[in-house]
*Asks:* 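I'd like to ask you about the structure that follows.
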Amino acid sequence: MGRISQAFARLQGEGRKALIPFITAGDPDPALTVALLRTLVHAGADVIELGVPFSDPMADGPTIQRASERALAKGVSLRQVLSLVATFRAEDRTTPIVLMGYANPIEAMGVEVFAAAAAAAGVDGVLVVDYPPEESATFAGALQRQAIDPIFLLAPTSSDARIAQVGALASGYIYYVSLKGVTGSATLDVAAVAARIPEIRARAGVPVGVGFGIRDAATAAAVARIADAVVVGSRLIEEIEQSAATAACDNVFNLLHGIRQAIDAAAPAAGEG
């Protein structure tokens with residue numbers, strides 16, 4: 001059992017839901033990334049999604065686009081992201097790390113080379129936004145041979161066939177995109193999300209995390225009542241963007257710790273564990 005599955009099994013035993021924060025590697029500076037990862041753990045993260053900066057992040061709104069631009073301006077590459085993960089992993093053998101990004105840097109490195117390098121660095125899962133499940137069997141196989149979980153997105157518009165395809169390939173968890181749009185946009189409709197999650201769980205057999213549109217503790221708590229995990233990204237990036245480098249870790253801790261407390265205090269919805 002990998003670190004992601006271990007984390008969800010532990011949380012299920014404790015009657016708790018996972019908190020999955022997202023930050024972009026190298027934003028605002030590569031020298032701060034490992035310290036921010038440590039901060040996320042101390043604030044209560046169960047799994048961390050680490051964005052690989054890319055020049056055309058089509059699924060991301062302006063906030064995460066700017067984070068990628070800042071990291072790329074510092075020269076952050078996929079190989080440097082893996083080096084940052086390895087540095088973090090040397091001191092934290094428990095917290096799962098999921099890389100989240102786009103296909104081009106992986107294709108440039110080579111799928112098999114990337115999978116081996118990610119495993120060596122201590123990566124636990126990989127989510128590639130623009131690898132559709134219909135074309136991902138080879139990629140998922142390369143990851144799974146390295147004991148890395150392929151993570152996939154589902155959306156409100158996903159068909160029954162798409163859900164089944166993702167269910168056949170995914171391990172670790174599924175990331176349900178709660179909104180029609182890019183990261184950081186619109187307002188989350190919790191009732192609409194709640195109506196979709198049981199169907200996804202039934203077809204996929206892995207935990208379901210919900211992200212996009214979770215900007216405060218109250219929304220995080222509402223999502224925690226219906227999902228297995230709460231994903232918070234753009235709001236954390238905003239906090240980093242608005243903070244002086246010397247204050248970024250403290251400010252991120254305060255924000256995420258408040259969300260952690262709200263999730264833990266949320267009573268589960270009827271029929272939920």
Side-chain angles (χ1 to χ4, degrees), residues 3-22 40 43-49 59 95-96 98 100 124-125 127 129 149-158 160 162-164 166-167 169-236 255-273:
R3 274 185 284 254
I4 294 174
S5 296
Q6 289 174 13
F8 277 101
R10 171 181 56 80
L11 289 162
Q12 184 177 29
E14 296 170 354
R16 301 169 65 230
K17 302 300 180 72
L19 173 57
I20 307 179
F22 168 95
L40 297 176
D46 298 296
V47 179
I48 296 172
E49 290 181 352
T95 307
V98 174
M100 186 170 182
D124 301 286
L127 195 168
V129 174
D149 289 318
I151 314 293
F152 289 92
L153 296 169
L154 286 173
T157 54
S158 295
D160 289 347
R162 170 60 63 88
I163 294 171
V166 166
L169 291 174
S171 58
Y173 62 96
I174 285 170
Y175 187 141
Y176 182 70
V177 176
S178 61
L179 304 171
K180 299 175 184 178
V182 296
T183 56
S185 64
T187 301
L188 188 149
D189 183 343
V190 175
V193 174
R196 291 285 276 167
I197 287 179
E199 176 188 3
I200 295 168
R201 280 202 189 104
R203 290 176 177 269
V206 296
V208 179
V210 173
F212 286 44
I214 300 173
R215 302 187 53 80
D216 54 41
T219 306
V223 170
R225 294 186 183 101
I226 59 171
D228 302 300
V230 178
V231 185
V232 182
S234 294
R235 181 65 187 88
L236 286 172
L255 172 61
L256 194 66
H257 186 58
I259 292 172
R260 170 84 270 173
Q261 291 176 314
I263 290 172
D264 288 345
E272 295 294 331

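All values below come from the heavy atoms of this structure, side chains included, with hydrogens, waters and symmetry mates left out.
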*Asks:* Output, in order, the C-alpha distance, side-chain angles, deciding distance and verdict of side chain to side chain contact (heavy atoms under 4.5 Å, CB included) for L154 and I163.
*Replies:* CA-CA 7 Å; L154 286 173; I163 294 171; 4.1 Å; yes
*Asks:* For F8, enumerate each residue passing the ring-ring contact (aromatic ring centres under 6.0 Å, His included) test, keeping only those at least two apart in sequence or located in another chain.
*Replies:* Y173
*Asks:* Less than 3.5 Å apart, which donor and acceptor atoms pair up between the side chains of residues 256-263 and the rest of the protein, not counting sequence neighbours?
*Replies:*
| unit_1 | atom_1 | unit_2 | atom_2 | d |
| --- | --- | --- | --- | --- |
| H257 | NE2 | Q261 | NE2 | 3.4 |
| R260 | NE | D264 | OD1 | 3.4 |
| R260 | NE | D264 | OD2 | 3.4 |
| R260 | NH1 | G44 | O | 2.8 |
| R260 | NH1 | D46 | OD2 | 2.6 |
| R260 | NH2 | K17 | O | 2.8 |
| R260 | NH2 | D264 | OD1 | 2.9 |

*Asks:* First locate atom CZ of R215, then atom CG of L255, and finally report the distance between them rounded to the nearest 0.5 Å.
*Replies:* 9.5 Å
*Asks:* Quick one: side chain to side chain donor-acceptor pair (under 3.5 Å) partners of S5, sequence neighbours excluded?
*Replies:* none
*Asks:* So, for S178 and V193, which heavy atoms are closest and what is the spacing to 0.1 Å?
*Replies:* CB-CG2, 3.7 Å
*Asks:* Considering all heavy atoms of both residues, which atom of A227 and which atom of V210 are nearest to each other, and what is their separation?
*Replies:* CB-CG2, 3.7 Å
*Asks:* Would you say the side chain of R203 lies within less than 4.5 Å of the side chain of D160, judging by non-hydrogen atoms?
*Replies:* yes
*Asks:* Find the distance between CZ (F212) and OG (S234) and round it off to the nearest 0.5 Å.
*Replies:* 8.0 Å
*Asks:* Just how far is it from atom CG of L127 to atom CD of E49, taken to the nearest 0.5 Å?
*Replies:* 6.5 Å
*Asks:* Answer whether the closest heavy-atom distance between the side chains of P156 and Y176 falls below 4.5 Å.
*Replies:* yes
*Asks:* Counting C-beta onward and ignoring hydrogens, is there a side-chain heavy-atom pair between Q12 and P207 closer than 4.5 Å?
*Replies:* no
*Asks:* What are the two closest heavy atoms between A170 and I174, and how far apart are they?
*Replies:* CB-CG1, 4.0 Å
*Asks:* Can you tell me if T219 uses its side chain to pair, donor with acceptor, with the backbone of I214 under 3.5 Å?
*Replies:* no
*Asks:* Hey, what do you get for CD1 (I226) to CZ (R196), rounding to the nearest 0.5 Å?
*Replies:* 12.5 Å
*Asks:* For the residue pair S171 and V206, what are the closest heavy atoms and their distance?
*Replies:* CA-CG1, 4.2 Å
*Asks:* Using modelled atom types and a 3.5 Å cut-off, is there a donor and acceptor pairing between side-chain atoms of D124 and backbone atoms of V98?
*Replies:* no
*Asks:* Taking all non-hydrogen atoms of both residues into account, name the closest pair between L19 and P21 and its distance.
*Replies:* O-CD, 3.5 Å
*Asks:* Are the side chains of P150 and L169 in touch, meaning some heavy atoms are under 4.5 Å apart?
*Replies:* no
